[in-house]
Asks: 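The structure that follows is given in the form of structure tokens.
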Number of protein chains: 2
Amino acid sequence: MIKRTTLADIAKAANVSMMTVSRAINNKPGLSDELRQHILSLVEEMGYRPNTFARGLATSQTTTIGLVVPDNTNPFFAQIARGVEDAAFENLYNIFLVNTNEDAARETAALETLWQKGIDGVILCSSRLSGQALEYQVQRFPAIVLVNRELKQSHANLITINVNDHRSAQRVLQHFMGLDRRIIAYIGGPANSFSNQRRLDGYKNGLRSAEIPFSPQLVISTQPTTEGGREAAAALLRHRPDVNAIFAYNDLVAVGAMQVCQELGKRVPEDIAIIGVDDIPLATIIRPQLTTMHVPLTHIGRLAMRALIDLIAGEGSSAAYQIEPELFIRDSA
Amino acid sequence: MIKRTTLADIAKAANVSMMTVSRAINNKPGLSDELRQHILSLVEEMGYRPNTFARGLATSQTTTIGLVVPDNTNPFFAQIARGVEDAAFENLYNIFLVNTNEDAARETAALETLWQKGIDGVILCSSRLSGQALEYQVQRFPAIVLVNRELKQSHANLITINVNDHRSAQRVLQHFMGLDRRIIAYIGGPANSFSNQRRLDGYKNGLRSAEIPFSPQLVISTQPTTEGGREAAAALLRHRPDVNAIFAYNDLVAVGAMQVCQELGKRVPEDIAIIGVDDIPLATIIRPQLTTMHVPLTHIGRLAMRALIDLIAGEGSSAAYQIEPELFIRDSA
DNA sequence: TTGTGTTGAGTTAGCGCTAACGTAACGGTG
DNA sequence: CACCGTTACGTTAGCGCTAACTCAACACAA
């Protein structure tokens with residue numbers, strides 16, 4: 001392994017003080033252009049790169065942030081992570097990726113190890129933490145962006161980014177109405193999910209606007225996976241074979257439901273129309289292609305990272321972004 | 001934001017020197033059990049957590065590693081990353097995730113920023129770097145694990161992990177033979193991909209064992225995506241509608257190919273049998289479910305992380321792991 | 001000429017932590 | 001009782017870097 005070149009090495013080689021080298025590489029005033037050029041050429045020649053964390057110790061800025069997600073394998077979070085990483089790379093930030101496995105204890109532990117690294121901020125996706133625990137994290141980190149989670153109280157170092165689930169659900173119902181489908185089921189996600197609750201509200205609201213009575217039989221909760229979608233759809237159709245439209249919690253659930261419908265001899269979209277949420281890559285891979293509420297996941301990731309950087313720079317201020325999804329009409333509805 | 005509690009704070013509170021506190025928290029000898037307990041209770045009470053990078057400055061160990069992948073959105077790498085992160089978490093390591101976008105320049109830049117962080121090691125997946133550039137990286141980082149890439153020369157701080165692509169391909173051909181399919185196409189990945197080359201060799205070898213002459217018409221290169229699979233399959237079937245088996249570079253390609261076959265009125269697997277590689281989640285979501293060479297991706301990730309930790313600890317030594325995939329027979333062949 | 005900036009440096013101190021060495025007190029040994 | 005090893009700490013120095021201060025040299029206005 002090569003020995004690291006340090007500031008001191010450069011200073012010695014240039015026969016100046018370390019401070020002068022520091023000023024040169026950080027592009028700060030206080031030395032002649034000539035000397036600066038000379039030092040920079042030495043830096044290049046000797047392959048010097050400043051140690052971020054030594055610098056961080058002195059400045060308490062590490063150009064490093066944490067990204068906490070339930071599962072980086074889930075396309076939803078993978079896309080967001082991609083957006084975050086892209087924006088981070090452009091701004092010369094590095095990201096610590098941590099999975100929580102949807103487990104609050106592991107999430108706490110993860111935030112603990114991140115805190116130990118002295119990072120500049122955190123992007124926390126779909127946090128399972130209690131409001132109180134979250135408040136604590138918000139005040140301990142310099143800056144924090146919450147994706148897919150709200151917090152009652154606002155903080156100067158906090159920004160939240162949420163999808164407008166309520167409007168999403170309404171838009172879906174509206175589309176079903178246009179198709180003249182009035183027996184509409186909602187296959188929801190886990191009951192403790194915030195977005196699930198908001199979508200359910202939107203669903204009920206949409207029914208009300210269309211003067212369709214709400215039937216609990218048509219609402220079923222399940223895991224947000226293909227398998228969950230399969231189980232839920234099977235149970236649903238057993239009790240209500242007359243269903244002619246399904247609004248699914250997300251695309252994975254929608255795909256699972258679609259398969260079960262087909263296996264039971266229902267045609268999609270002729271007999272049962274199906275709409276998902278998220279618009280993950282799978283939505284266009286599956287046949288029939290899935291009609292879904294497109295959520296700009298990569299964009300959310302980028303937005304989160306930029307918001308965090310602003311917060312860190314002290315330029316951003318408390319804000320709650322609302323993302324408006326758009327209905328992408330394909331073949332399943 | 002809360003002010004950090006430091007070693008000095010604890011030392012003052014306990015009325016001992018910083019060194020004694022350091023010894024206590026690092027579980028090193030040199031103080032009475034009684035005092036140690038007292039200090040640890042103070043640590044707990046005051047919520048002290050050592051700063052990893054301050055410690056790193058003093059010890060040159062940061063319990064931090066870099067994970068470099070082409071695209072964390074690709075299920076192949078997402079699964080590997082998950083395995084890496086799991087093992088890292090268990091060993092109290094944190095990982096820097098960076099995407100290279102399959103771009104050598106960006107990969108170099110990414111390694112540069114990682115190097116600046118003074119990390120303990122790197123896991124580099126499907127590197128697009130030249131052999132020479134790779135040699136340079138190997139000697140600059142304390143420890144490095146290469147996944148899906150080989151390096152001629154061996155190094156004390158290097159471990160490589162590769163899938164046995166050659167044997168994979170042979171196993172696939174063997175299965176096709178058992179199904180009495182003898183007009184076997186190979187839809188390969190990018191020509192500059194190492195694994196593609198190895199699979200192609202295995203394919204040719206398999207043909208030779210079965211005394212089937214090699215036909216260039218039956219081999220086609222494409223992007224490793226569903227869309228790539230679609231295009232390739234369409235082109236293939238235009239020239240050779242008599243094909244009755246397709247070996248695809250990976251599952252995404254296989255799915256794309258399968259769809260085109262079906263759209264052209266071919267039944268899968270009756271008319272055309274299709275086998276992919278990797279066994280990503282999509283393989284069991286799609287219908288018919290995909291027969292594929294199962295590659296234990298999460299396991300590879302865990303293995304990579306553990307190997308890297310051993311290397312860092314100076315316990316591991318130069319090694320080249322070969323992973324043997326297994327044929328998972330489902331419905332497409 | 002004297003005072004007052006300004007420019008281009010260097011010096012000092014310290015971020016939070018640990019390796020390596022120093023030392024006082026104590027107990028055992030011949 | 002002198003000698004020595006051990007235990008239980010403290011002290012010093014330094015990891016690589018920068019903030020904040022100092023200082024010499026020079027220009028320029030009054």
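Numbers restart at 1 for each chain; the letters A, B, ... are given by sequence-line order, proteins then strands. Only this structure's heavy atoms are used, side chains among them; waters, hydrogens and symmetry mates stay out. Predicted model, so just to flag it, every value in this text is computed and none were measured.
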Asks: B:Ile10 CD1 to C:dT18 P: how many Å, rounded?
Replies: 12 Å

Asks: Using OP1 and OP2 only, check whether a side-chain N or O of A:Thr6 sits under 4.0 Å from D:dG16.
Replies: no

Asks: By nearest atom, which of the nucleotides D:dG16, D:dC9, C:dC17 is closest to the B:Thr20 side chain?
Replies: D:dC9

Asks: Please report, rounded to the nearest Å, how far the P atom of C:dG10 is from the CE atom of A:Met18.
Replies: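 Atom CE in A:Met18 sits about 12 Å away from atom P in C:dG10.
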
Asks: What is the distance, to the nearest angstrom, from the CG atom on B:Asn15 to the C1' atom on D:dC9?
Replies: 13 Å

Asks: Contact class for B:Ser17 (heavy atom, under 4.0 Å): base, sugar-phosphate, or nothing?
Replies: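 The answer is base, as B:Ser17 lies within the cut-off (heavy atoms under 4.0 Å) of a base atom.
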
Asks: From the list C:dG16, D:dT18, C:dA9, which nucleotide is the closest neighbour of the side chain of A:Arg23?
Replies: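 It is C:dA9.
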
Asks: Would one find a side-chain N or O of B:Thr59 under 4.0 angstrom from OP1 or OP2 of C:dC17?
Replies: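 Answer no for this pair, as no side-chain N or O of B:Thr59 is under 4.0 Å from OP1 or OP2.
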
Asks: For A:Ser32 and B:Arg55, take the nucleotide of DNA chain C holding the closest heavy atom to each; which residue's nucleotide lies nearer the 5' end?
Replies: A:Ser32

Asks: How long is the line joining CD1 of A:Ile25 and P of D:dC17, in whole Å?
Replies: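 My rounded result for the distance is 7 Å.
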
Asks: Figure out the CZ/P separation between B:Arg4 and C:dC15, and round it to whole Å.
Replies: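 Value for this atom pair: 14 Å.
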
Asks: Between the side chains of B:Arg306 and B:Asp310, is the shortest nitrogen-to-carboxylate-oxygen separation below 4.0 Å, so that they form an ion pair?
Replies: no

Asks: Would you classify B:Pro50 as touching base, sugar-phosphate or nothing, given that sugar-phosphate means primed atoms plus P, OP1 and OP2, and contacts are heavy atoms under 4.0 Å?
Replies: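 Sugar-phosphate, backbone atoms only, no base.
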
Asks: Do B:Arg140 and B:Glu112 sit within salt-bridge range, that is, some charged N less than 4.0 Å from a carboxylate O?
Replies: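 Here B:Arg140 pairs with B:Glu112 in a salt bridge, since their nearest N and O are under 4.0 Å apart.
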
Asks: Can you see if the side chain of B:Lys28 gets near the phosphate of C:dT18 - specifically, an N or O under 4.0 Å from OP1 or OP2?
Replies: no

Asks: Can you tell me how far apart CG (A:Asp71) and CD (B:Glu85) are? Round to the nearest 0.5 Å.
Replies: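 Here the interatomic distance stands at 10.0 Å.
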
Asks: In whole Å, what is the span from the CD atom of A:Gln116 to the P atom of C:dC17?
Replies: 10 Å

Asks: Touch check for B:Leu7, heavy atoms < 4.0 angstrom, all strands: base, sugar-phosphate only, or nothing?
Replies: base

Asks: Nearest to the side chain of B:Ala58, which nucleotide is it out of C:dC17, C:dA9, D:dT18?
Replies: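 Among C:dC17, C:dA9, D:dT18, the one nearest the side chain of B:Ala58 is C:dC17.
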
Asks: Round to a whole Å and report the spacing from NZ of A:Lys12 to C1' of C:dG10.
Replies: 17 Å

Asks: Do B:Thr62 and B:Lys117 meet the criterion of a side-chain donor-acceptor pair at a distance under 3.5 Å?
Replies: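 Checked: B:Thr62/B:Lys117 side chains show no N/O donor-acceptor pair below 3.5 Å.
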
Asks: May I have the distance from A:Asn51 (atom CG) to C:dC15 (atom C1'), rounded to whole angstrom?
Replies: 13 Å

Asks: Picking from C:dT11, D:dC17, C:dT18, which would you name as closest to the side chain of B:Asn26?
Replies: C:dT18

Asks: Among the nucleotides D:dA20, C:dA20, C:dG16, which one has an atom lying closest to any side-chain atom of B:Leu57?
Replies: C:dG16

Asks: Can you tell me how far the CZ atom of B:Phe53 sits from the OG1 atom of B:Thr64, to the nearest 0.5 Å?
Replies: 3.5 Å

